[in-house]
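Worksheet: the structure to be examined is printed underneath.
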Protein chains: 2
Amino acid sequence: MNDAPTRTPAPAAPTRREQILREAARLFAERGFHGVGVDEIGAAVGISGPGLYRHFAGKDAMLAELLIGISERLFAGGQRRVIDATSTGGGPAAVLGSLIDGHIDFALDDRALITLHDRELGQLRDSDRKQVRSLQRQYVELWVDVVGRLHPGSGEAEVRAAVHAVFGLLNSTPHLGRPGALPGRTATAALLRRLAHGAFASLSDGAPAGPAGPSVKPSAG
Amino acid sequence: MNDAPTRTPAPAAPTRREQILREAARLFAERGFHGVGVDEIGAAVGISGPGLYRHFAGKDAMLAELLIGISERLFAGGQRRVIDATSTGGGPAAVLGSLIDGHIDFALDDRALITLHDRELGQLRDSDRKQVRSLQRQYVELWVDVVGRLHPGSGEAEVRAAVHAVFGLLNSTPHLGRPGALPGRTATAALLRRLAHGAFASLSDGAPAGPAGPSVKPSAG
DNA sequence: CCTTCAGGTTAACGACCACTAACGCCGCTG
DNA sequence: CAGCGGCGTTAGTGGTCGTTAACCTGAAGG
């Protein structure tokens, strides 16, 4: 149905398709899928409007390829890291550390895709959405497995929720893109790493949930 | 609810406006601002299409009122909690605990608004967007102040980034709305509280960033 | 009873937008 | 040179959607 692989499919897909995908991702992340017209996408790569249809079946196809690609890369990378860290004799702590590092790399390198990942899923056709969700679920499972092994005292539902919460933490990178943010990529990565490890560490802490003691009852707004 | 006589003009707008706003928030969060038509919003409250224009100047006005309302409530609530916790003799730890609890309440009670908060900001008119951003900045400042006081060893940029990251963590609630998630609201709140405190605690930990030791060098993705 | 007004209704309009049609240019290959 | 296929162009088309116009209804109020 879709355009056949014109050339070598995998290694060095040349220029235009990737260029279009990158700009489309950026624009979709900035203004939302429905907020961007095909003319804008075309203009962003130097061609105009319907010229895009020589490379993609439609606007939906671009989004689908983006979201499926993200999910695949996330899951494949996570899987690889689990295998590598395990095969080199690392325990669950090492595996989790590698997963965190990998996710941070992804979040820092592909902010636009991170944004799209959980924003425009509803715009996909049913089949594509199912595929993305399946990949997401498998990726989450990698984390739940290792976190559950690290914190046997926590129930699976709790671990799963914690994993999602830490995803939210790591995926916050688009919000800190301000001007004079952190010194650099390395510092940001280090900070996120510490925060993520700190969050997970609280699962087995002896410390209770609320150290604030009295706290202020909210009641009325 | 019926305490106010129906003739009071301005202050207590009765039911319809609020009803429309609630449904609009839900729909916008589900399918995005541009993904929802006015007919759908109208249908959700039992009227059809252009009837909404008796209550709002337009679709944009609904979104603006939603986003400004969220930001105002967030900031006002945070401010109140800082004052209350401080006046009752609480130190920075107590203040931070109260801020966290308040944000969790908000995240659990108004998932749709949390989603809109950082998703549809770009759709606002310039003046409205400025107002929302200003309120957001002031809210962040509340957190940065207290977290900075709790962790004097961290630079301001680092603290700011950590605050944003913890916001991402706490705002992850829309992603755990699955079927058999956590037992209940209380358990979810307790978990989020622990995770947030754990993340902040890592700022002053003696523990270095990467406890995984050797870890797997990622290089290419 | 007649007026007024808030809160609806349906019909229509205008803008926008994804997509298609028809055509042009250019570097191949034979 | 002929022809062809990849890649781009502009003009047009159908559909959707926000918004407005014109009209209706029912309750309050003198």
Side-chain angles (χ1 to χ4, degrees), chain A residues 1-9 12-25 27-28 30-67 116 120 122-125 128, chain B residues 2 4-25 27-28 30-67 116 120 122-125 128:
Chain A
M1 44 172 70
N2 48 9
D3 47 322
T6 52
R7 297 287 165 182
T8 48
T15 50
R16 258 299 146 76
R17 267 185 81 92
E18 288 184 344
Q19 196 182 357
I20 293 170
L21 284 176
R22 170 159 36 243
E23 294 302 313
L27 290 168
F28 290 161
E30 275 176 12
R31 302 209 287 283
F33 179 69
H34 291 295
V36 180
V38 290
D39 290 359
E40 291 177 87
I41 303 174
V45 300
I47 72 182
S48 215
L52 296 170
Y53 289 78
R54 299 284 168 201
H55 304 275
F56 293 93
K59 213 176 117 181
D60 303 334
M62 300 183 211
L63 183 66
E65 190 156 329
L66 282 172
L67 293 189
L116 293 182
E120 310 289 357
Q123 316 296 341
L124 262 53
R125 296 207 324 272
D128 293 330
Chain B
N2 52 2
T6 52
R7 65 178 58 190
T8 48
T15 48
R16 255 300 146 76
R17 269 184 80 91
E18 290 183 343
Q19 195 183 358
I20 293 170
L21 283 176
R22 169 159 36 246
E23 293 303 314
L27 289 168
F28 289 162
E30 274 176 12
R31 304 209 285 284
F33 179 69
H34 291 293
V36 179
V38 290
D39 291 358
E40 290 178 87
I41 304 174
V45 299
I47 73 182
S48 213
L52 296 170
Y53 287 78
R54 299 285 168 200
H55 305 273
F56 293 93
K59 210 176 119 182
D60 302 336
M62 301 183 210
L63 183 66
E65 192 156 327
L66 282 172
L67 292 190
L116 293 182
E120 309 288 357
Q123 317 296 341
L124 260 53
R125 297 207 324 272
D128 293 330

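Proteins get letters first, then strands, A, B, ... in listed order; numbering begins at 1 in each.
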Length of the line joining [X]:[atom1] and [N]:[atom2], which is rounded to integer Å:
{"X": "B/Phe56", "N": "C/dG7", "atom1": "CZ", "atom2": "P", "result": "12 Å"}
{"X": "B/Leu52", "N": "D/dC17", "atom1": "CG", "atom2": "P", "result": "15 Å"}
{"X": "A/Asp39", "N": "D/dG12", "atom1": "CG", "atom2": "P", "result": "16 Å"}
{"X": "A/Ile47", "N": "C/dC25", "atom1": "CD1", "atom2": "P", "result": "18 Å"}
{"X": "B/His34", "N": "D/dG15", "atom1": "NE2", "atom2": "C1'", "result": "18 Å"}
{"X": "B/Ile41", "N": "D/dT19", "atom1": "CD1", "atom2": "C1'", "result": "13 Å"}
{"X": "A/Arg17", "N": "D/dG6", "atom1": "CZ", "atom2": "P", "result": "14 Å"}
{"X": "B/Met62", "N": "D/dT19", "atom1": "CE", "atom2": "C1'", "result": "11 Å"}

Taking any heavy-atom pair under 4.0 Å as a contact, classify [X]: base, sugar-phosphate, or nothing.
{"X": "A/Val45", "result": "nothing"}
{"X": "A/Gly49", "result": "nothing"}
{"X": "A/Gly51", "result": "base"}

Report the nucleotide, chosen from [options], that has the shortest atom-to-atom distance to any side-chain atom of [X].
{"X": "A/Val38", "options": "D/dT19, C/dG7, C/dA18", "answer": "C/dA18"}
{"X": "B/Tyr53", "options": "C/dC19, D/dG18, C/dG8", "answer": "D/dG18"}
{"X": "A/His55", "options": "C/dG8, D/dC7, D/dA11", "answer": "D/dC7"}
{"X": "A/Lys59", "options": "C/dA18, D/dT20, C/dT20", "answer": "C/dA18"}
{"X": "A/Ser48", "options": "D/dT19, D/dT9, D/dC7", "answer": "D/dT9"}
{"X": "A/Arg16", "options": "D/dG8, C/dG8, D/dG18", "answer": "D/dG8"}

- Task: For A/Glu23 and A/Val45, indicate whether the former's side chain and the latter's backbone hold a donor-acceptor pair under 3.5 Å.
- Result: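 No, because the side chain of A/Glu23 does not come within donor-acceptor range (under 3.5 Å) of the backbone of A/Val45.
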- Message: Any N or O donor-acceptor pair under 3.5 Å from the base of D/dG8 to the side chain of A/Arg54?
- Response: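 Side chain to base: pair found, below 3.5 Å.
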- Task: For A/Leu63 and A/Glu120, work out which heavy atoms get closest and say how close.
- Result: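 Between these two residues, the closest heavy atoms are CD2-O, 3.8 Å.
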- Judged by modelled atom types alone, do A/Arg22 and A/Gln19 share a side-chain donor-acceptor pair under 3.5 Å?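 There is no such pair between these side chains.
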